[in-house]
Number of protein chains: 2
Amino acid sequence: MLKQSDPLDVLFAALADPSRRSMIDRLSRGSASVSELAAPLDMSLPAVQQHLNVLEASGIVSTRKVGRVRSCSLEPDVLNQAQQWIADRRTLWAHRLDRLGMFLTEDPSAVGIGKGETK
Amino acid sequence: MLKQSDPLDVLFAALADPSRRSMIDRLSRGSASVSELAAPLDMSLPAVQQHLNVLEASGIVSTRKVGRVRSCSLEPDVLNQAQQWIADRRTLWAHRLDRLGMFLTEDPSAVGIGKGETK
DNA sequence: AGAATACTTAAGCACATGCTTAAGCAATCG
DNA sequence: CGATTGCTTAAGCATGTGCTTAAGTATTCT
């Protein structure tokens, strides 16, 4: 219990692998079985399943077993978190430019001077 | 030369580490030196520098050395690629629902039936 | 029932990652 | 000049990741 990791760690890590992204890609076109996901992937079935475990752990993909076939489907809402994190940093960065503009044209006291900010 | 990896691999991998995200966070508020980045990070300076290398390799952060200080700044445009990839899959997934709707209300031949699509 | 299908588990191995400490080096400061 | 500051390199090590093959298990087909 010493090491509980941020959901974003798991999410971004899941997206960092090309095989997993291609699986997501396939699922974005519609749900599929494990072997359908494996088919285009030049690797063994167990390897695919391990990737699938990673995707499930991140929440991007959910699965349920019907008979002997496991059906996998995308949970696109989970991608929101990642998209939002990125969007937020971009917003912050844009705001930084605002402050710099403020500094250049008006009120130096409104900017964090002497903290490496003015380069 | 056998193993050139997708920029998205590197980008998402860079984002998958909490220390690196906190560095990006700091830089989204304005550029900083290496030791300023290291300050809040309960780890050695060399460790921070290795994270910085990863960030630079991904293109998210650029640095230049002035005197004995290295100044680091965010390249937020690089985040576009990641954001776009996510947005694209979400769009595809939404489109999948369109096709399903088409199937339910109108033209069955327009949908991929019998390929695991109808569950 | 027996054979085929569709996963699933387990074990092992090569290589990558995320640190560490110990030195080293160039740019100021006193 | 010699000392301090700010980074940089190198080496080593524990753990994690991405595969593999071999051997299951549960369903469905014949």
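Sequence lines set the chain letters: A, B, ... in the order given, protein chains first and strands last, and positions in each chain run from 1.
Between the side chains of A:Q84 and A:D88, at least one donor-acceptor pair of N or O atoms lies under 3.5 Å. Neither side chain, B:S71 nor B:R64, offers a donor N or O lying under 3.5 Å from an acceptor on the other.
Residue A:R20 has a polar side-chain atom (N or O) positioned under 4.0 Å from OP1 or OP2 of D:dG18. Proximity of B:R70 to the phosphate of D:dT8: a side-chain N or O atom is located under 4.0 Å from OP1 or OP2. When the side-chain nitrogen and oxygen atoms of B:Q49 are compared with OP1 and OP2 of D:dT8, one or more of them lie within a distance under 4.0 Å. Listed pair B:H51 / C:dC19 meets the phosphate criterion, a side-chain N or O lying under 4.0 Å from OP1 or OP2. Considering only side-chain N and O atoms, B:K65 lies under 4.0 angstrom from the phosphate OP1 or OP2 of D:dT8.
Judged purely by atom type and a 3.5 angstrom limit, B:R26 has no side-chain atom pairing as donor or acceptor with the backbone of B:S22. Although no hydrogens or angles enter the test, the distance criterion places a donor-acceptor pair under 3.5 Å between the side chain of A:R20 and the main chain of A:A14. For B:R21 (side chain) and B:L15 (main-chain N/O), a donor-acceptor pair under 3.5 Å exists by modelled atom type.
Residue side chain B:Q50 reaches the base of C:dT20 through a donor-acceptor N/O pair under 3.5 Å, judged by distance alone. Scanning atom types as modelled, no donor and acceptor separated by under 3.5 angstrom connect the side chain of A:R68 and the base of C:dA6.
Of the candidates D:dT20, C:dC19, C:dA6, C:dA6 carries the atom nearest the A:S35 side chain, counting heavy atoms from C-beta on. Listed nucleotides: C:dC7, D:dT4, D:dC7. Nearest to the side chain of B:V69: D:dC7. Comparing atom distances between the A:M43 side chain and each of C:dT20, D:dC19, C:dT9 picks out D:dC19 as nearest. Of the listed nucleotides (D:dC7, D:dT4, D:dT9), D:dC7 has the atom at the smallest distance from the side chain of B:S33. The side chain of A:D17 has D:dC19 as its nearest neighbour among C:dT8, D:dC19, C:dC19.
As a whole-Å value, the separation of A:R64 CZ from D:dA26 P is 21 Å. Whole-Å rounding puts the A:E36 CD to C:dC7 C1' distance at 13 Å. Rounded to whole Å, the distance from CG on B:N53 to C1' on C:dT17 is 13 Å. For B:F12 and C:dA16, the CZ to P distance is 22 Å, given to the nearest whole Å. The CG atom of A:D42 sits 12 Å away from the C1' atom of D:dC19 (whole-angstrom rounding). In this entry the distance linking CG of B:L45 with C1' of C:dA23 reads 14 Å, nearest Å.
Remark on DNA chain D: of its neighbouring residues A:S19 and A:V66, the 5'-side contact belongs to A:S19, judged by nearest-heavy-atom nucleotide. Residue whose closest nucleotide on DNA chain D sits further toward the 5' end, between B:L52 and A:S44: B:L52.
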